[in-house]
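Just so you know, these numbers use all the heavy atoms, side chains as well, and skip hydrogens, waters and symmetry mates. Not measured: the values here are computed from a predicted model.
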Amino acid sequence: MSASPEVAASIGQALMHDGLIFYFMAYMVGGYLMYAVLFAAIGAFCETPRDAQTLMGPIMMILVVPILVMQMALTSPDAPVVKVLSWIPFFTPFLMSARAPSDPPLIEVVLTLIGMFATAAFMVWIAGRAFRAGALSDVKLSWKTFGRAVTGRG
């Protein structure tokens with residue numbers, strides 16, 4: 001802000017236009033919660049950083065998709081591919097933030113927020129069980145013990 005106050009002022013003005021700051025804040029909080037819980041669950045599975053690195057591969061592949069689609073979302077936010085991908089909770093925080101300046105229908109905004117926060121709540125529940133089964137017990141967590149922990153049979 002101190003290096004270029006006029007750029008900072010124009011960015012602030014753009015964010016305040018039509019309440020875009022609220023879109024960005026809601027999607028940022030939901031996305032942060034979703035991914036923080038996901039990384040905490042991965043931490044519950046792993047005993048070493050090498051194990052965590054192995055599990056991070058699929059997560060990084062998921063995170064690449066919105067980055068690839070972001071250019072299209074910025075140039076044509078109402079493209080069918082962008083609309084469809086913005087309904088997938090893992091992509092919602094990125095793509096709906098990019099679509100926000102084009103005034104998407106309020107029903108899409110509300111339903112994608114509900115879907116994203118419902119997915120985050122479900123992930124908190126799953127991660128809590130994974131953490132209880134993995135980090136708080138002496139048993140090495142495998143997919144079998146994780147499945148038992150989630151279903152309540154173990």
Side-chain angles (χ1 to χ4, degrees), residues 1-4 7-8 11 14-15 20-102 104 108-154:
M1 287 177 51
S2 63
S4 182
V7 172
I11 290 172
L15 286 175
L20 289 180
I21 189 77
F22 299 114
Y23 283 108
F24 293 129
M25 292 304 293
Y27 286 112
M28 190 207 68
V29 167
Y32 184 83
L33 180 63
M34 252 190 343
Y35 283 105
V37 167
L38 184 64
F39 292 136
I42 287 173
F45 272 103
C46 303
E47 293 179 4
T48 66
R50 187 177 193 144
D51 294 341
Q53 196 79 30
T54 302
L55 290 176
M56 287 299 296
I59 305 302
M60 289 299 128
M61 287 192 293
I62 289 172
L63 284 171
V64 166
V65 173
I67 292 170
L68 295 174
V69 178
M70 189 63 71
Q71 184 64 35
M72 184 189 314
L74 293 174
T75 57
S76 57
D78 292 326
V81 127
V82 175
K83 280 186 168 185
V84 168
L85 288 178
S86 68
W87 283 89
I88 299 172
F90 292 108
F91 307 149
T92 298
F94 307 103
L95 297 179
M96 284 304 287
S97 293
R99 288 185 61 204
S102 72
E108 284 186 30
V109 172
V110 170
L111 290 178
T112 55
L113 281 171
I114 289 171
M116 183 176 58
F117 280 104
T119 301
F122 179 70
M123 289 172 64
V124 166
W125 179 73
I126 294 287
R129 290 195 171 250
F131 189 77
R132 191 175 322 124
L136 299 179
S137 70
D138 294 337
V139 179
K140 178 155 172 56
L141 190 61
S142 66
W143 285 109
K144 186 176 180 180
T145 58
F146 175 71
R148 285 186 185 151
V150 168
T151 58
R153 290 184 278 146

Legend entry - Euclidean distance, Leu33 CG relative to Met28 CE, rounded to 0.5 Å: 11.0 Å
Inset, instruction - Compare all side-chain heavy atoms of Val29 with those of Tyr32 and state whether any distance is below 4.5 angstrom. - result: no
Inset, instruction - Evaluate the side-chain proximity of Leu20 to Pro101: yes if any heavy-atom separation is below 4.5 Å, no if none is. - result: yes
Just distance, no hydrogens or angles: give the donor-acceptor pairs under 3.5 Å from side chains in residues 86-98, sequence neighbours left out.
{"residue": "Ser86", "atom": "OG", "partner": "Val82", "partner atom": "O", "Å": "3.3"}
{"residue": "Ser86", "atom": "OG", "partner": "Lys83", "partner atom": "O", "Å": "2.7"}
{"residue": "Ser86", "atom": "OG", "partner": "Arg99", "partner atom": "NH1", "Å": "3.1"}
{"residue": "Thr92", "atom": "OG1", "partner": "Ser86", "partner atom": "O", "Å": "2.8"}
{"residue": "Thr92", "atom": "OG1", "partner": "Ile88", "partner atom": "O", "Å": "2.9"}
{"residue": "Ser97", "atom": "OG", "partner": "Pro93", "partner atom": "O", "Å": "2.8"}

Tabulate below the donor-acceptor pairs under 3.5 Å that side-chain atoms of residues 36-44 make, not counting sequence neighbours, or state none.
none

Inset, instruction - Please collect all salt bridge (Lys or Arg N to Asp or Glu O under 4.0 Å) contacts where either partner lies in residues 36-45, sequence neighbours excluded, each pair once. - result: none
Legend entry - Val84: side chain to side chain contact (heavy atoms under 4.5 Å, CB included) partners, not counting sequence neighbours: none
Pair up each side-chain donor or acceptor in residues 112-120 with any protein partner under 3.5 Å, not counting sequence neighbours, and list the distances.
{"residue": "Thr112", "atom": "OG1", "partner": "Tyr27", "partner atom": "OH", "Å": "2.8"}
{"residue": "Thr112", "atom": "OG1", "partner": "Glu108", "partner atom": "O", "Å": "2.7"}
{"residue": "Thr112", "atom": "OG1", "partner": "Val109", "partner atom": "O", "Å": "3.0"}
{"residue": "Thr119", "atom": "OG1", "partner": "Gly115", "partner atom": "O", "Å": "2.8"}

